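Take a look at the structure set out below.
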Amino acid sequence: MPTLWSQTLIPTARQVPAEAEVPSHQLLLRAGYIHKLGSGIYDYLPLGVRSLHKVMAIIRDEMAAAGAVEVFMPTLQPVELWEQTGRRTAYGDNLFVVRDRHSREQALGPTHEEVITTLVGAYVESYKQLPLTLYQIQTKFRDEFRPRFGILRSREFQMKDAYSFHLALDGPGGLDETYRKQFDAYCRIFKRCGLPYEIVEAESGPIGGSASHEFMVPSPTGEDVILKSDQGNYAANVEKCEIGTRTYDLAFAPTGTLEDVHTPSCPGIDDVAAFFKKNLKTKLKPQNMLKTLVCRAGNLWLIAVVRGDHELNLAKLRVVCGMHEIDLAPDAEARDAGFTIGFVGPHVAVNRDDVLLVVDPDAAQGGFWVTGANKIDHHVKHFNWQRDVITARGQRLVRKLKAAWENKPGFDRASAMTGQRDWDPDQEILIADIRNAGDGDPSPQNDSGTLRATKGIEIGHVFKLGDKYTKALDVTVLDEGNQRKHPIMGCYGIGVNRILAAAIERDAGHDDHGIIWPASIAPYTVLITPIKYEGALRDTADQLAAQLEALPGIDVLIDDRDERAGVKFKDADLIGIPLRITIGDKALANGQVELKARTAQKADLVALADVPQHVMQLLKGL
RNA sequence: CGGGGUGUAGCGCAGCUUGGUUAGCGCGCUUGACUGGGGGUCAAGAGGUCGCAGGUUCGAAUCCUGUCACCCCGACCA
């Protein structure tokens, strides 16, 4: 049945709510798709729900085709489950926790690894039942630090999450096979949703695991940074992106005598640069400074050094050091341990046997360096690696430290060796890629490609999880040899409402007049606009609507309101229905109506009898 | 959690500095007339605990204190 505009709720607005910054947020509000209830909480109005359902239908179709089976798991989850897997801490404040009447804590699930693993553990006993891929479409909760951009970063959102279980990585029924299937299904889903997307290598984050890809819609409003090689053979997000081989040289001759500079109240790179310019009349660029960050790993300290204009990447640091427990040290603790936070320099490691130095290649160079003096309110200039650290430190200290480090419980040599690193005992210092990649860096393919940075919206993410959850929750399955094994898992997520926002944010997703939907996820495919909903115009509208709805994949909205034509046209453009049929007296007298694509400049006159055929024809291209 | 800002009609805002009758404007809404193919015109209306609580004062939207909500910039996040 076609929908009558007057019978549904489409509260369009001429003015943009002040709080909306990005096009998708503004237009979804103005066009009456969503309504804000609180920070990061939205109602989905009839149009919004229809689009959401269309996306879900495509997802369900492709999940079925990929052999995944739908379940529905609870939003309310015992917080103990999260404690068992260690993710209560890992998620931290992002995890919504509510108390029930017995003041027991429950988590509002931001994802369902714990629950699905428990479920599978309850019923799957034999290798014969594997592989198994289950999925759901559920409301998820994240207590976002800062909800933003409307539906793009809300505290409550719809997610499709699939989980697969296997006993092996490769071979038939292995994780690789299902990962590939889901990966391919994602490509089809996003294509069918009309989204331009790119696939990038990603860090798996707090979910953990070994391999991971993100599906991104390129958009200047995206919150994620993607780096792509201009050779077209590598793409990754900024957390993951490796950097091609860079040379370094620690043995460079000093540029001058190490000299203290009084820099009162200048703890930051920018502060120091500004201070030099203002008070010393010297131009000091951030790339001539060394950023020295104090990290902690149990009872050892880790000094990470990157160039002043670069950013430390903790994930890389963890991999390079083979320790997952590395974090930036809280200021207070670092101060207690003798680090003058804000004024630390690499030579703080010289006389300490509890400090390991890890230096990014771009910081491991000769030349003029300014860095912290390890004294409050002081920096040094003419810092030199060879003179001020290597010679001063001596090899024995370093060897001892290295041994201490590698004997630490939790040290993962295999992981440490996968990172690009160089731990030559003669160099005394661990040199490794520990910073975020940026525009202009060499591609890790080392094929003389250069990385270029763009922004994107993450709409999908696939991971290989391994046995993290089955181990933590002790879920086992009997294999062919009657041995208990922890199955390995894959995990595959899609942000359903983000697809709507991304469809609008994409290049062709909107213009000055409103939304331009891909036909597959528009709330209606056809909008019929009789100039007046009376007499012959009304009859024609009703008949056409009935005819069109009988066709596959077509649903119709009739603008039956007693509004001026101009109002109807403006609203039509705003809500973005792909096809509009305008019925007016003059054309109808000739047995014709006007057919116009949302994207077309002008309407075509089409004979009534030919409308269905023309509609089908036009839709193919939308 | 830091820094900044805003709460006045459904939406967008003015009024607040320098307290003073019935708190305004635009859009939207209701009724009527004229109109009728890209947000029309005129007329008459409805609609407000001025975020909340306390204080100062003869008198508070306006000054003070507290509190809540929301937004923006930082925070390594689907």
Side-chain angles (χ1 to χ4, degrees), chain A residues 11-21 25 29-30 32 35-41 90-95 109-112 138-161 202-207 212 214-216 222-225 237-240 268 293 311-318 327-328 435-436 457-463 491-499 501-502 513-514 529-532 534 537 561-574 580 582-588 594 596 602-603:
Chain A
T12 58
R14 202 186 297 203
Q15 275 160 326
V16 189
E19 71 210 29
E21 292 186 284
H25 191 194
L29 285 168
R30 273 190 63 207
H35 169 252
K36 179 168 135 174
L37 186 59
S39 179
I41 321 175
Y91 254 88
D93 291 338
N94 275 182
L95 188 68
T111 171
H112 282 69
Q138 244 292 18
T139 301
K140 308 281 184 167
F141 295 85
R142 294 178 65 98
D143 194 354
E144 282 294 341
F145 175 77
R146 192 173 156 200
R148 241 199 298 205
F149 303 143
I151 226 181
L152 273 173
R153 179 163 299 280
S154 51
R155 295 197 292 176
E156 182 177 333
F157 56 98
Q158 299 301 123
M159 184 160 136
K160 187 257 15 177
D161 47 329
E203 202 50 56
S204 43
I207 288 191
S212 157
E214 283 176 352
F215 292 75
M216 315 280 277
E223 290 186 87
D224 294 285
V225 176
N237 72 13
V238 69
E239 282 81 30
K240 166 77 178 180
L293 298 138
E311 286 172 7
L312 175 67
N313 181 318
L314 267 178
K316 286 185 180 181
L317 187 65
R318 290 186 187 120
D327 270 302
L328 275 177
R435 68 167 173 90
N436 283 342
I457 299 165
E458 181 184 352
I459 48 171
H461 202 159
V462 291
F463 310 80
C491 154
Y492 320 92
I494 291 180
V496 183
N497 9 28
R498 269 193 182 178
I499 288 182
H513 303 292
T529 308
I531 294 301
K532 250 183 171 337
E534 282 175 11
L537 298 187
R561 295 174 301 169
D562 182 20
E563 287 287 355
R564 313 191 117 236
V567 174
K568 293 189 176 194
F569 294 151
K570 288 287 184 190
D571 274 348
D573 287 345
L574 182 58
R580 188 177 89 203
T582 307
I583 306 177
D585 288 314
K586 284 174 217 147
L588 192 60
E594 292 159 50
K596 178 185 173 300
K602 281 189 173 175

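Every chain is numbered from 1 and lettered A, B, ... according to where its sequence line falls, protein lines coming before strand lines. Keep in mind the model is a prediction, meaning the values are calculated, not measured. Side chains are part of it too, since the values below use all heavy atoms of this structure and drop only hydrogens, waters and symmetry mates.
Residue A/F157 forms a side chain to side chain contact (heavy atoms under 4.5 Å, CB included) with just one option from A/R498, A/E144, A/Q138, A/K140, and that option is A/K140. Residue A/T12 is tested with A/L29, A/V567, A/L574 for a side chain to side chain contact (heavy atoms under 4.5 Å, CB included); the sole match is A/L574.
Classification of A/E223 and A/R148 as a salt-bridged pair holds, one side-chain N sitting under 4.0 Å from a carboxylate O.
Side-chain atoms of A/R14 and base atoms of B/C11 include no donor and acceptor less than 3.5 Å apart. Judged by distance alone with a 3.5 Å cut-off, a donor-acceptor contact links the side chain of A/E594 to the base of B/G37. Between the side chain of A/R580 and the base of B/G38, a donor-acceptor pair under 3.5 Å is found. Residue-to-nucleotide contacts include a donor-acceptor pair under 3.5 Å from the side chain of A/R564 to the base of B/G40. With hydrogens and angles ignored, a donor-acceptor pair closer than 3.5 Å exists between the side chain of A/Q15 and the base of B/G26.
Between A/N436 and A/D562, the residue whose closest nucleotide on RNA chain B is further toward the 5' end is A/D562. Toward the 5′ end of RNA chain B lies the nearest nucleotide of A/V567, the other residue of the pair A/V567 and A/E21 mapping further downstream.
Between the NZ atom of A/K532 and the CD1 atom of A/I583 there is a distance of 14.5 Å, given to the nearest 0.5 Å.
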Task: Full working for side-chain contact (heavy atoms from CB on, under 4.5 Å) between A/E21 and A/F149 - done: CA-CA 7 Å; A/E21 292 186 284; A/F149 303 143; 3.5 Å; yes
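Nucleotide B/C34 has B/G40 as its partner under the Watson-Crick or G-U criteria, with both atom distances under 3.5 Å. In this structure B/G45 sits in a base pair with B/C29, meeting the Watson-Crick or G-U test at under 3.5 Å. Pairing for B/C50 is absent, judged as Watson-Crick or G-U wobble with the two contacts each under 3.5 Å. Across all strands shown, B/U6 is found opposite B/A69 as a Watson-Crick or G-U wobble partner, with both distances under 3.5 Å. Searching all strands for a Watson-Crick or G-U wobble partner of B/C1 with both distances below 3.5 Å returns B/G74. Across all strands shown, nothing is found opposite B/A60 as a Watson-Crick or G-U wobble partner with both distances under 3.5 Å.
With C1' as the reference atom, B/U8 and B/G15 are 9 Å apart, rounded to whole Å. B/U65 and B/G5 are spaced 14 Å apart, taking the P atom of each and rounding to whole Å.
Applying the 4.0 Å criterion to OP1 and OP2 of B/C71, one finds that A/S39 has a side-chain N or O inside that range. Residue A/K36 places at least one side-chain N or O closer than 4.0 Å to OP1 or OP2 of B/C71. Of the side-chain N and O atoms in A/R142, none sit less than 4.0 angstrom from OP1 or OP2 of B/C77.
B/A75 atom P lies 13 Å from atom CG of A/L314, rounded to whole Å. The CG atom of A/L574 sits 15 Å away from the C1' atom of B/C27 (whole-angstrom rounding). In this structure, A/F145 atom CZ and B/C1 atom P are separated by 9 Å, rounded to whole Å. We find that CZ of A/R148 is positioned 14 Å from P of B/A78, with the value rounded to whole Å. The nearest whole Å value for the distance from the NZ atom in A/K532 to the C1' atom in B/G37 is 12 Å. Distance CG (A/L328) to C1' (B/C76): 9 Å, rounded to an integer number of Å. Remark: P of B/A78 and CZ of A/F149 are 16 Å apart, rounded to the nearest angstrom. Put simply, OH on A/Y91 is 17 Å from P on B/C76, counting in whole angstrom units.
Judged by distance alone, the side chain of A/K596 and the main-chain N or O of A/R580 form no donor-acceptor pair under 3.5 Å.
Side-chain proximity of A/E458 to B/A78, B/G36, B/C70: nearest is B/A78.
In this structure, A/F569 does not count as stacked on the base of B/G39 under the 5.5 Å centre distance and 30° plane angle limits.
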